[in-house]
Each structure stands twice: as C-alpha cells, then as structure tokens.
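Proteins come first, then strands; the chains are lettered A, B, ... in the order of their sequence lines, and each starts at number 1.
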There are 2 protein chains.
Amino acid sequence: MGRIQTLNNSSRKEIIVEKAANLFKEKGYKAASMRDLAEVVGVEAASLYNHIKSKSELLHVICLDVANRFTNKIDEVEAEELSAKEKIEILLRFHIQEMLNNYEDVIVSDREWKHLSEPYLSNFRHQRKTYRKRFAAIIEEGIKKKEIKKIDASTAVLIMLHAVSGIESFHRSKQKISGKELEENMVTILINGLAK
Amino acid sequence: MGRIQTLNNSSRKEIIVEKAANLFKEKGYKAASMRDLAEVVGVEAASLYNHIKSKSELLHVICLDVANRFTNKIDEVEAEELSAKEKIEILLRFHIQEMLNNYEDVIVSDREWKHLSEPYLSNFRHQRKTYRKRFAAIIEEGIKKKEIKKIDASTAVLIMLHAVSGIESFHRSKQKISGKELEENMVTILINGLAK
DNA sequence: TTGTATTCCTAACGTTTGTTAGTTACATTC
DNA sequence: GAATGTAACTAACAAACGTTAGGAATACAA
C-alpha cells in the first residue's frame with residue numbers, strides 16, 4: 001500500500017493530471033482507462049477518486065489550461081506595439097515552444113477536446129474560435145500594411161497552427177536536429193516559403 | 001426489417017465502411033460503437049457481422065486504402081521527369097485534393113491509425129515512414145539543385161503534411177472560399193511563404 | 001413453386017468501463 | 001498516546017462494449 005509520491009510542491013491531484021496527460025496522449029482519451037491511469041500512478045483505480053471528481057475532469061483541466069496559455073499570450077502580443085509580421089512571428093514561435101516543452105498537454109488538448117462534456121465543450125470551442133479570429137485579424141492587418149502577401153488570412157492561421165502540431169512526429173523521431181534548429185526551420189518555411 | 005440500401009455498384013460492405021469512416025471521423029474510433037454504426041446504417045448491430053469480420057477490420061480497410069493512394073501517387077511522381085520543385089507541388093496539391101474530396105477517410109487514417117491491430121499497425125507505420133522518407137528525398141534533391149532553400153527536409157515534410165490536415169477545419173467552417181482558392185492559398189504560403 | 005443463399009432479427013455472452021460504498025491504514029496535531 | 005483527517009484498499013455496481021448463436025424473413029435460381 002504505497003502512497004502517491006508527492007515531490008516538490010505539486011499536489012497529488014497535479015501528479016494525477018500530469019500522468020493522465022501522458023496516458024491520453026499515448027492511447028487517446030477514450031482508450032485510456034482509469035485502471036490504466038491507476039497503474040501508472042501506482043495505486044488502485046478507486047483511490048484516484050479521493051483526488052479527482054471524474055475522468056472527464058482530467059480532460060477539461062488539461063484542455064482549459066492549454067487554451068488559457070494561448071489566450072494569455074495573444075492578449076500580451078496584441079497589447080504590444082509591434083508590426084503585424086513581428087506579432088505573427090512571436091505567436092508562431094510561442095506555439096512551437098509550447099509544442100517543444102509542454103507538448104503532452106497541447107497534443108491532448110488539440111486531439112481530444114471533442115470528448116469534453118458540456119459546458120466545457122462549448123467554452124473550449126468558443127475560446128478556440130475566438131483565438132483563431134484574433135490571429136487572423138493580425139494577419140489581415142499585415143496584409144493591409146503590405147507586410148504580408150495577399151492571401152486568405154484564415155487559411156494562413158490554419159496552416160500555421162496545424163504545421164506546428166506536426167512537431168509531435170519530431171518528438172517521436174530520433175531528434176536529428178535540436179529544438180532551436182526546428183524552430184528556425186519552421187519559422188523560415190512558413191514566413192519565407194520553401195522556394196529559393 | 002429494412003435492408004441496407006445498395007445503390008450503384010457498391011456492395012453492402014462498402015456502404016458500411018463508408019458510414020464507418022464518417023462515424024470514426026465524427027466521434028473517434030474508440031468512442032464510435034458498433035451500435036452507433038448500426039443505427040447510421042439502418043440495421044441492428046449484430047447484422048453488421050454478416051458483412052464484416054470485426055470493428056477493427058473497418059479501421060484497417062480505411063487506413064490501408066488511404067496509405068495505398070499516397071504510395072501510388074509518389075510512385076507515379078518519382079517516375080516522371082520533373083524538377084524537384086514541380087514534384088513537391090504535385091504531391092502537395094494531391095494531398096490537398098485528397099483532403100478536399102476524400103477527407104473522411106484521410107482524417108480517420110491520420111488520426112486513428114494508432115488503434116490498428118497487428119500486423120496492420122506495423123505495416124501502416126512502415127508505409128507511412130517510407131512515404132515521408134521518399135518525400136524528404138525529393139526535397140533534398142531540390143536543395144542540392146538549388147531550387148529549394150537550405151532547410152531541414154524532414155521538417156519541411158512534416159509541415160506540409162500537417163498543414164494540409166488543417167483542411168478539416170475548413171470543412172467545418174462556412175466555406176467562405178472555394179476549394180480551388182484554398183488550394184492556391186496553401187500552395188502559395190507553403191512554397192513562397194507569408195512574407196511579401 | 002420449391003430450394004438455397006443471403007440478410008436480417010432477437011437474445012444473450014463475457015469483458016471492460018467509470019464510479020460508489022464501506023473499511024482499513026497512515027500522517028498529523030493536540 | 002489519543003483523536004482526527006487524509007489517502008489508500010477491497011468489493012461491487014450498473015451500463016456499455018464487441019461479438020456469437022440460432023432462428024425468421026427476404027431474394028434469387030431452378
């Protein structure tokens with residue numbers, strides 16, 4: 001009968017959420033059972049319920065946290081006095097950094113948000129939609145100021161956000177290049193294109 | 001007691017696979033139950049087993065079909081006498097077209113392949129890996145011939161493949177722009193970049 | 001019309017699922 | 001050391017899952 005190891009200043013709940021993110025990333029939310037999670041945590045399944053309310057709570061804690069991080073960042077970027085192109089590059093680099101450092105949460109949020117229950121599902125959808133609109137608005141500002149090519153702004157947002165999510169494959173591979181190199185490559189390709 | 005509608009020259013099995021792809025896309029493979037599928041098909045769950053062997057067969061039929069289409073295309077492209085840049089653009093446009101026309105299969109294959117059972121899982125993984133290597137080789141050829149910027153080829157592949165998968169959001173949105181416009185925007189951004 | 005496949009049905013199976021109830025062990029405070 | 005709250009356990013629940021068995025209805029060939 002071993003207790004959950006609580007190192008640092010993280011609570012037992014935080015540890016469970018962290019392990020859950022890992023498991024959800026690996027197997028998907030639906031395929032990951034509470035008994036799987038319990039095993040990883042080192043405890044019986046029923047014991048988890050001393051710390052969390054339900055399986056779905058785990059998912060919405062993860063998703064909400066990720067969504068808030070991106071919302072906070074775009075708040076910050078919009079407030080600064082920068083050119084549109086600079087704003088875009090900052091956001092793009094932030095996405096890449098998040099994907100390099102907190103990728104488990106980000107991937108789960110990206111891929112499993114559909115399994116959120118109401119009202120968290122509606123909230124998440126709204127926050128996501130709003131974020132993309134604000135991102136697109138920055139691009140449109142850049143087009144107006146002739147910093148950016150005349151392209152469809154929402155398509156550009158779509159490309160950038162999804163391109164970044166490809167970093168998951170990078171994590172799985174043998175990491176021939178470093179995170180910094182990856183970041184520079186991505187920014188170059190997306191801002192300046194492949195063609196010479 | 002209604003029978004499965006079999007129009008054109010498609011078999012009942014093909015109809016089930018088609019509806020399954022739609023359902024898997026909507027709810028995810030694990031969350032989509034055979035009873036859900038039966039309801040969509042218009043039949044009782046047990047009746048499906050007169051036409052298919054198992055739920056997992058549905059998934060691997062879908063995934064294998066998608067993987068083969070891309071493999072066939074890259075076979076075709078490699079055989080032609082074209083510049084690397086042209087080859088890349090053809091492949092990119094093919095990905096976009098597939099995502100516009102057969103997106104349900106492609107999305108399911110992209111997102112749910114992890115739930116394949118052996119030996120289909122290993123086969124799929126291998127085919128996917130090989131495809132990406134071949135794609136990266138074309139890019140490296142382009143770099144050598146100075147048609148393409150000096151970037152990390154596998155990062156470029158990763159960006160392109162994942163950018164295209166963002167077209168799913170396009171399908172969900174109110175389609176302000178046409179498929180053709182979307183294609184041109186994507187190709188422009190990825191080949192020439194955002195910056196003016 | 002009769003015989004034979006095909007396609008559907010109902011009923012049920014054995015698992016696995018998320019979760020609750022009730023109880024025991026540990027940790028902390030007085 | 002007694003008291004109290006926290007965190008673990010065992011056992012079990014009802015519901016949902018994929019799938020099978022066996023029989024009834026339909027379609028097609030003779």
D:dA16 P sits how many Å from B:E39 CD, rounded? 13 Å
So, is the end of the A:K55 side chain (NZ or CZ) under 6.0 Å from the ring centre of A:Y29 and within 45° of the ring's axis? yes
Taking OP1 and OP2 of C:dT6, is either one under 4.0 Å from a side-chain nitrogen or oxygen of B:H51? no
Mind checking what makes side-chain hydrogen bond (donor to acceptor under 3.5 Å, both in side chains) contact with B:K87, not counting sequence neighbours? none
More 5' along DNA chain C: A:A46 or A:A31, using each one's nearest nucleotide? A:A31
Okay, side chain of B:S109, backbone of B:D105: is any donor-acceptor separation there less than 3.5 Å? no
Quick check: do A:Y103 and A:I167 have side-chain heavy atoms less than 4.5 Å from each other? no
Nearest-neighbour nucleotide for the B:E44 side chain, C:dC9, D:dG18, C:dT19 considered: C:dC9
Would you please name every residue forming a side-chain hydrogen bond (donor to acceptor under 3.5 Å, both in side chains) with B:T155, sequence neighbours left out? B:D152
Here the distance between atom P of C:dT17 and atom NZ of A:K27, to the nearest Å, is 8 Å
Output a table of nitrogen or oxygen pairs between the protein and nucleotides 14-16 of chain C separated by less than 3.5 Å.
none

Atom NZ of A:K30 and atom P of C:dT17 are separated, to the nearest Å, by 12 Å
Measure from the side-chain heavy atoms of A:N50 and tell me the nearest of D:dG18, D:dA7, C:dC8. D:dA7
How about CD on A:E181, more than 12 heavy atoms from neighbouring residues, nucleotides or ligands closer than 6.0 Å, or not? yes
B:V43 has its side chain closest, among C:dT19, D:dT19, C:dC9, to C:dC9
If you look at every strand shown and take non-hydrogen atoms under 4.0 Å, does B:A32 touch a base, only sugar-phosphate, or nothing? sugar-phosphate
Would you mind reading off the distance between A:L23 atom CG and C:dT17 atom P, rounded to a whole angstrom? 11 Å
For A:Y49 and D:dC9, give me the distance from atom OH to atom C1', rounded to whole Å. 16 Å
Nearest listed nucleotide, side chain of B:S54, among C:dT7, C:dT19, D:dT19: D:dT19
Taken to the nearest whole Å, NZ/B:K13 to P/C:dT7 is 13 Å
Closest non-hydrogen atom pair, B:K149 against A:N192: NZ-O, 3.0 Å
When the distance from CG of B:L37 to P of D:dG18 is rounded to whole Å, what number comes out? 10 Å
To the nearest angstrom, how far is A:K55 atom NZ from C:dT20 atom P? 15 Å
A:S47 side chain N/O closer than 4.0 Å to the phosphate oxygens (OP1, OP2) of D:dC9? yes
Are A:R12 and D:dA8 close enough that a side-chain N or O sits under 4.0 Å from OP1 or OP2? yes
